[in-house]
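Written out below as structure tokens is the structure these notes cover.
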Amino acid sequence: MTGVIPMTARRSSPRRPSSSQLLTRVRDRSPGLAAGLVGGAVAAGLGLGALTVLVMVLWISSPYPDSGPGGALHVAAALWLLAHGVELVRADTLSGVPAPVGVTPLLLSVVPVWLVHRAARDAVDADDDGVAPPVSARTAWAGVVLGYLAVGVGTALYAAGGSLRPSWAWTVLGLPTVVALSAGTGVWTAYGRPLGPVDRLLRLLPPGARRVLLGPREREKFLVAVRAAGAAVAVSVGGGAGLVAVSSVWHGDVAREAFLRLTEGWSGRCAVLLLCVTLVPNAAVWGAAYALGPGFALGAGHGVGPWVSDPAPMLPPFPLLAAVPDAGAGTPWNWAAGVVPLAAGMTMGWFVGRGGMRWSVRRTAVIAGLAAAVCAAVLAVAAGMAGGPLGVGVLARFGPVWWQVGGAALAWGVGVAVPVAVVVRVCGGWVARWRTAAATKAVTKAAAKAAEEASRALSLAEARATASRTTEASRATPQKAALPKATEPSEATAAKSSTPAKPSKPSKPSGPSKSPRTPVVAPRDGVTLRKKKVTPVAPEATAPPSPRPVPHPKESEAYDLLPADEPVEDVWRDEALRARWDALRDELRQRAPEPVAPANTEPEPPAAKAEAEAEPPAPPSPQDRGTS
């Protein structure tokens, strides 16, 4: 990482690098190239070593080995090359004519491809912080490819001395192609899968296809087509595997007999079982080709399809070949295999229709056709890799024909995927509009309900406010009317009250008074004055009336002036509480000292007496103090 910063700085400089800078660049690049070479060689060694260990274990456990350890090692080297798509040639045949072996076990090819991919990804040595990696993409790719091919060339030279010899044409073409593509995907993954390299590859296409695939909107459409094609390929291959499994179970007796006839020892049966497992992906592709219609070839001039089955008469006993339908014309059970491409086409159309809701119907149909073309290309390549020759003569053709499979897949895709995509697009538009209308209706209904509730709440609040104002006005009106009566006596009452009278002694009450009291609210000091209503008492004939009692100042302060922290109606709402207060006030009045009445006084009229009790006496003036 220390050499990355100066190198990056030099890249940003427009000046020409000097000789020392070139040496620094070579020194910085050499560890990355060396790491790529070592990584590629290690990946090749791991794959070759794992396969060699497996072959040696089978050879050691075999009760009748045909050759020594050298022969087992040659077989392991040949199988490793076969896993990379290299066609082998078997020299020791009964007829003396070399027989090609070109059927590549696809499951066996997964191991070397994954090893090369991981080696190239690790050779980039990118960090997790997003900083530019210290090794360029070309350096890492070149190092891994050269290191892997170095081991591959040595393995091919060693395998040339065995019974299974590699074909040099396939070795020169097939091995570098597989390694280069796997390393390229590894480097691309290490850089975060950028779209720049993909665009550069797409620019190599014709101008018409380039306009369809390049550009932001076109790229989105192309990605939708690729996803739909991938889903269709998965359905086709999975359906083909299901057909093979059902047919194998249906012909279980034939498969078991073939498995037992091939070998007697458990080591040989383990080898046959491992070979069947590695050929399961090939059988799935054959099943997909069978369902599409063209079928596959079991010998030159002998095809197997849903309409007719004509396998070669002299086929070797093999468990997977037991799943081949019986010879003769197809039955409705064979024709039912067409459900697989039908389901694949419907899946493709569904993906395109769901992804093209913003497109027009015509554009949706075009993208569905593009997805069908991509699916056909992928299935054609898979068919070409899954088949190949297994000898000469009748076995020169073994497996599906790639161009027939591609054409049938294109026909099924255009015939099924395009109508389904258009229907899904139209129905999806209808459903979207219905949902929009339903959502709009629901929102409108909710808004109307909310407005109604708000109006109802506002009306209730206005009613409460009106009632509150009415209550306050009704409370204030009697208070204002009562104040003049309590504070401004009439002239007749004032004239009569000018003559002093002897107040009578109040009688002792027998219980709490239940007479109603009219409260009067004072306009100041936040206190409440209670107006006392006293029943006039007639003067006695024999004894002069008692003088007017003077209220005790403490008694008046304690009971006649009440704090108005709360409304009056809340304080005196309880009649029992009011009766208790009246009884307590009367009890205190009885205990208060009685004033001495003057000698010559006249009895005070009842009205004046009531007015005097209702209003506290005024303080004496200075003249009255002087006179007294």
Original post:
For residues 84-120, which residue pairs qualify under ring pair (Phe, Tyr, Trp, His ring centres under 6.0 Å), counting only residues two or more places apart or in two chains?
Top reply: W80-H84, H84-Y148

Original post:
Roughly how far, to the nearest 0.5 Å, is the CZ atom of R261 from the CZ atom of F259?
Top reply: 14.0 Å

Original post:
By side chain to side chain contact (heavy atoms under 4.5 Å, CB included), which residues pair with A41, not counting sequence neighbours?
Top reply: V151

Original post:
Which heavy-atom pair separates P176 from L149 by the least distance, and what is that distance?
Top reply: CA-CD2, 4.0 Å

Original post:
Can you pull the ring pair (Phe, Tyr, Trp, His ring centres under 6.0 Å) pairs that have at least one residue in residues 153-172, sequence neighbours excluded?
Top reply: H74-Y158

Original post:
Where the side chain of R165 meets the backbone of G162, is there a donor-acceptor pair that is under 3.5 Å apart?
Top reply: yes

**OP:** Write out all pairs satisfying side chain to side chain donor-acceptor pair (under 3.5 Å) with one or both partners inside residues 277-290, taking only residues at least two apart or from two chains.
**Re:** Y290-N334

**OP:** Give the minimum heavy-atom separation between A380 and G406, together with the two atoms involved.
**Re:** CB-CA, 3.9 Å

Original post:
Quick one: CG on L115 to CG on L48, what's the gap to the nearest 0.5 Å?
Top reply: 11.0 Å

Original post:
How many angstroms lie between CG in L223 and CD1 in I367, if you round to the nearest 0.5 Å?
Top reply: 10.5 Å

**OP:** Please identify each residue that fulfils side chain to side chain contact (heavy atoms under 4.5 Å, CB included) with A417, with sequence neighbours left out.
**Re:** M348

**OP:** Assess whether atom CE of M56 is packed by more than 12 heavy atoms of other residues, nucleotides or ligands within 6.0 Å.
**Re:** yes

Original post:
So, do L262 and P319 sit near enough that their side-chain heavy atoms are less than 4.5 Å apart?
Top reply: yes

Subject >> Contacts of type side chain to side chain contact (heavy atoms under 4.5 Å, CB included), residue T177, not counting sequence neighbours >> reply: L181

Original post:
Can you find a pair of side-chain heavy atoms, one from V101 and one from L390, that are under 4.5 Å apart?
Top reply: yes

Original post:
If we only count heavy atoms from C-beta on, is the L342 to W412 side-chain gap below 4.5 Å?
Top reply: yes

Original post:
Hey, what do you get for CG (L146) to CG (L33), rounding to the nearest 0.5 Å?
Top reply: 7.5 Å

Original post:
Distance from L274 atom CG to L54 atom CG, nearest 0.5 Å?
Top reply: 6.0 Å

Original post:
Listed by chain and number, what are the side chain to side chain donor-acceptor pair (under 3.5 Å) partners of R90, not counting sequence neighbours?
Top reply: none

Subject >> Rounded distance (nearest 0.5 Å) linking atom CZ of R118 with atom CG of L46 >> reply: 10.0 Å

**OP:** Search all heavy atoms of G391 against all heavy atoms of A99 and return the closest pair with its distance.
**Re:** CA-CB, 3.9 Å

Return all side-chain donor-acceptor pairs below 3.5 angstrom for residues 102-110, not counting sequence neighbours, or 'none' if the list is empty.
from : atom 1 : to   : atom 2 : distance (Å)
S109 : OG     : A83  : O      : 2.6
S109 : OG     : P105 : O      : 3.3

Original post:
With a 4.5 Å heavy-atom cut-off, do L379 and L292 have their side chains touching?
Top reply: yes

**OP:** Go through the steps for V366 and L370 under the test side-chain contact (heavy atoms from CB on, under 4.5 Å), then give the verdict.
**Re:** CA-CA 6 Å; V366 171; L370 179 61; 5.7 Å; no

Original post:
Pick one: which of V144, V116, V113 meets side-chain contact (heavy atoms from CB on, under 4.5 Å) with V179?
Top reply: V116

**OP:** Please report the shortest heavy-atom distance between A421 and A368, naming the atom on each side.
**Re:** CB-CB, 3.9 Å

**OP:** Taking the side chain as every heavy atom from C-beta outward, state whether L395 and P389 have any pair of such atoms under 4.5 Å apart.
**Re:** no

Subject >> W359, CH2: over 12 other non-hydrogen atoms inside 6.0 angstrom >> reply: yes

**OP:** For the pair S247 (side chain) and L243 (backbone), establish whether a donor and an acceptor sit closer than 3.5 Å, ignoring hydrogens and angles.
**Re:** no

**OP:** For L298, enumerate each residue passing the side chain to side chain contact (heavy atoms under 4.5 Å, CB included) test, keeping only those at least two apart in sequence or located in another chain.
**Re:** F296, V304, P311, L315, L321, V324, F398

Subject >> Contact summary for V340 and A291, nearest pair of heavy atoms >> reply: CB-CB, 3.9 Å

Original post:
Looking at side-chain heavy atoms only, is the closest gap between F318 and L279 below 4.5 Å?
Top reply: yes

Original post:
Can you list the residues that meet the salt bridge (charged side-chain N to carboxylate O under 4.0 Å, His left out) rule with R269, with sequence neighbours excluded?
Top reply: none

Original post:
Of the non-hydrogen atoms in A183 and V145, which two are nearest, and what is the gap between them?
Top reply: CB-CG2, 3.8 Å

